[in-house]
Amino acid sequence: MKQKFIAAAVQMVSGTDVAANLATAARLVAEAAAAGAGFVVLPEYFCLMGRQDGDKVAISEEAGHGPLQAALAAMACDNKVWLAAGTIPLRCPEPGKVFNSTLVFDPAGQQAARYDKIHLFGYTGNGERYCESDSIAAGSTPVKVDIGLAEVACGICYDLRFPELFRQLAPFDVMILPAAFTATTGEAHWEVLLRARAIENQCYVIASGQGGTHENGRKTHGQSMIIDPWGRILAQQALGEGVVLAEIDPALLHSVRSGLPALTHRVL
């Protein structure tokens, strides 16, 4: 990373209407670009928070083509930004399941990277039950991508709890985490885990969340934020849709790493 740039974490409260969700995402990406962002990150499930697991399977696309991917390419190209496109459902070999995938597009609208979520969320408690493995096939390959502005490590939501994933990719300048953290787990763990990942990897973290009560009744934590390599929260938003903006500064990253060269002290 050689120069400063503005990054944006987009927060949404996605519903069951794919077209409406895409329109909201396009509006918020344009808002971020108008504010000077060169890199924009959408949240997990931005295109659909369905009423049942099969809803995302029904709208899944083959990798490389489909209306969701075309819309995302257009958002990146129209706004001349690098776009980490939250997650969309891509078809997989397992019947009734999809990959939950982050696609990264360059400012010309060309796909630069794909990351399939590796760790699948499961939780039972407080009257809630989630089991992503019922409808999602796990990915297997960690992904780091050079977006020209910075080297970016990809994670999605539940991946946040598994620091070894990001250790495999270190060093990198920025970690992204599109998410749809539940209100219950988010209140307890979201901020502390994100700040820990920033501190231990001495990197910026851009965390884009779903934030609010959805049509399907699910409640998500929100608190989308951008964190610096010292673990400080630069900007955040509690609930509701919006755009969180902050400057990514290579001088600060280099200062943290040279003053406390923990990455070079790693033994294991």
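- With hydrogens and angles disregarded, a donor-acceptor distance shorter than 3.5 Å links the side chain of S60 to the backbone of V57.
- Cluster membership check: I206 does not share its hydrophobic cluster with L193, using side-chain heavy-atom separations under 4.5 Å among Ile, Leu, Val, Met, Phe, Trp and Tyr.
- Side-chain atoms of D116 do not come within 3.5 Å of backbone N or O of F99 as any donor-acceptor pair.
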> Between M1 and H254, is a side-chain contact (heavy atoms from CB on, under 4.5 Å) present by the stated rule, with each step listed?
Replying inline: CA-CA 10 Å; M1 185 167 60; H254 296 319; 5.6 Å; no
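- L160 and M175 get closest at one heavy-atom pair: CD1-CE, 4.0 Å.
- Here the side chain of S14 pairs no donor or acceptor atom with the backbone of L48 at under 3.5 angstrom.
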>> Go through it in stages, so that I can follow the logic: the residues are V41 and V10, the test is side-chain contact (heavy atoms from CB on, under 4.5 Å), and I'd like the CA-CA distance, side-chain angles, deciding distance and then a yes or no.
In response: CA-CA 6 Å; V41 183; V10 170; over 6 Å; no
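- Ring pair F162/H119 is parallel by interplanar angle, where below 30° counts as parallel and above 60° as perpendicular.
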> Given L252 and Y204, is the side-chain contact (heavy atoms from CB on, under 4.5 Å) satisfied, shown in steps?
Replying inline: CA-CA 10 Å; L252 176 61; Y204 284 90; 3.4 Å; yes
>> Between R51 and E215, is the side-chain contact (heavy atoms from CB on, under 4.5 Å) condition met? List the steps.
In response: CA-CA 8 Å; R51 297 191 184 280; E215 287 179 75; 3.8 Å; yes
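- Using modelled atom types, no side-chain atom of E187 and backbone atom of H189 make a donor-acceptor pair closer than 3.5 Å.
- There is a path of hydrophobic side-chain contacts, each under 4.5 Å, that joins L68 to V29.
- Distance CE/M49 to CG/D17: 14.5 Å, rounded to 0.5 Å.
- Distance alone, capped at 3.5 Å, is enough to place a donor-acceptor pair between the R257 side chain and the Q202 backbone.
- When hydrophobic clusters are built by joining Ile, Leu, Val, Met, Phe, Trp and Tyr residues whose side-chain heavy atoms come closer than 4.5 Å, directly or via intermediates, V174 is not grouped with I199.
- Among all heavy-atom pairs drawn from G86 and T102, the shortest one is O-OG1, 2.7 Å.
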>> What verdict does the side-chain hydrogen bond (donor to acceptor under 3.5 Å, both in side chains) test give for T220 and H214, after you've listed the backbone C-alpha separation in whole Å, the side-chain angles of each residue and the deciding distance to 0.1 Å?
In response: CA-CA 8 Å; T220 48; H214 303 264; 2.7 Å; yes
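- Using a 4.0 Å cut-off between charged nitrogen and carboxylate oxygen, E241 and R27 count as a salt-bridge pair.
- Side-chain heavy atoms closer than 4.5 Å link hydrophobic residues (I, L, V, M, F, W, Y) into clusters, and following such links, possibly through other members, connects V40 to F105.
- Remark: K144 NZ is packed, more than 12 non-hydrogen atoms of other residues, nucleotides or ligands lying under 6.0 Å away.
- Under the 4.5 Å side-chain criterion, counting only non-hydrogen atoms from C-beta, R197 is in contact with P163.
- Inter-residue side-chain proximity for Y115 and V104 is flagged as unmet; no heavy-atom pair is nearer than 4.5 Å.
- At distances below 3.5 Å, not a single donor-acceptor pair connects side-chain atoms of N79 with backbone N or O atoms of A76.
- With a 4.5 Å cut-off on side-chain heavy atoms, L90 and Q69 count as touching.
- Connection of V145 to I248 is established within a shared hydrophobic cluster, with ILVMFWY side chains joined at heavy-atom distances below 4.5 Å, either directly or through further cluster members.
- Note that CD1 of I226 is 7.0 Å distant from CG of L234, once rounded to the nearest 0.5 Å.
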>> The test is side-chain hydrogen bond (donor to acceptor under 3.5 Å, both in side chains); show your working for Q11 and Q210 and say whether it passes.
In response: CA-CA 6 Å; Q11 183 161 289; Q210 296 279 353; over 6 Å; no
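- A donor-acceptor pair is defined here as one N or O able to donate and one able to accept, closer than 3.5 Å; no such pair exists between the side chain of E132 and the backbone of S135.
- For the pair L165 and I118, the minimum side-chain heavy-atom distance is below 4.5 Å.
- No salt bridge links R161 with D159; every basic N to acidic carboxylate O contact stays at or beyond 4.0 Å.
- In this structure, E44 and K117 have side chains that are in contact, with non-hydrogen atoms separated by less than 4.5 Å.
- Formation of a donor-acceptor pair under 3.5 Å by the Q223 side chain with backbone atoms of A238 is not found in this model.
- The shortest non-hydrogen separation linking W82 to G148 is CZ2-N, 4.3 Å.
- Here the side chain of S208 pairs no donor or acceptor atom with the backbone of A9 at under 3.5 angstrom.
- Contact check on D134 versus R129 returns a salt bridge, with a Lys/Arg side-chain nitrogen under 4.0 Å from an Asp/Glu carboxylate oxygen.
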> Could you walk me through whether F181 and W190 pass the ring-ring contact (aromatic ring centres under 6.0 Å, His included) check?
Replying inline: CA-CA 8 Å; F181 248 63; W190 172 253; 4.9 Å; yes
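- To the nearest 0.5 Å, atom CD of residue E151 and atom CG of residue L169 are 9.5 Å apart.
- Looking only at distances, a side-chain donor or acceptor of K97 sits under 3.5 Å from a matching main-chain atom of S133.
- Contact record, D228 with A198: O-CB, 3.6 Å, taken as the closest heavy-atom pair.
- The shortest distance between side-chain heavy atoms of M12 and L28 falls below 4.5 Å.
- Nearest heavy atom pair, residue I156 against residue L177, reads N-CD1, 3.7 Å.
- Heavy-atom minimum distance, L149 versus G38: CD1-O, 3.7 Å.
- No side-chain heavy atom of D55 sits under 4.5 Å from any side-chain heavy atom of T16.
- Interatomic distance, CG of D249 versus CG of D173, reported as 11.5 Å (0.5 Å rounding).
- A 4.5 Å side-chain heavy-atom check between I6 and F39 finds every atom pair outside the cut-off.
- Separation of atoms OH (Y123) and OG1 (T184) is listed at 5.0 Å; rounding is to 0.5 Å.
- L72 contributes atom CG, which lies 12.5 Å from atom SG of C77 (distance to the nearest 0.5 angstrom).
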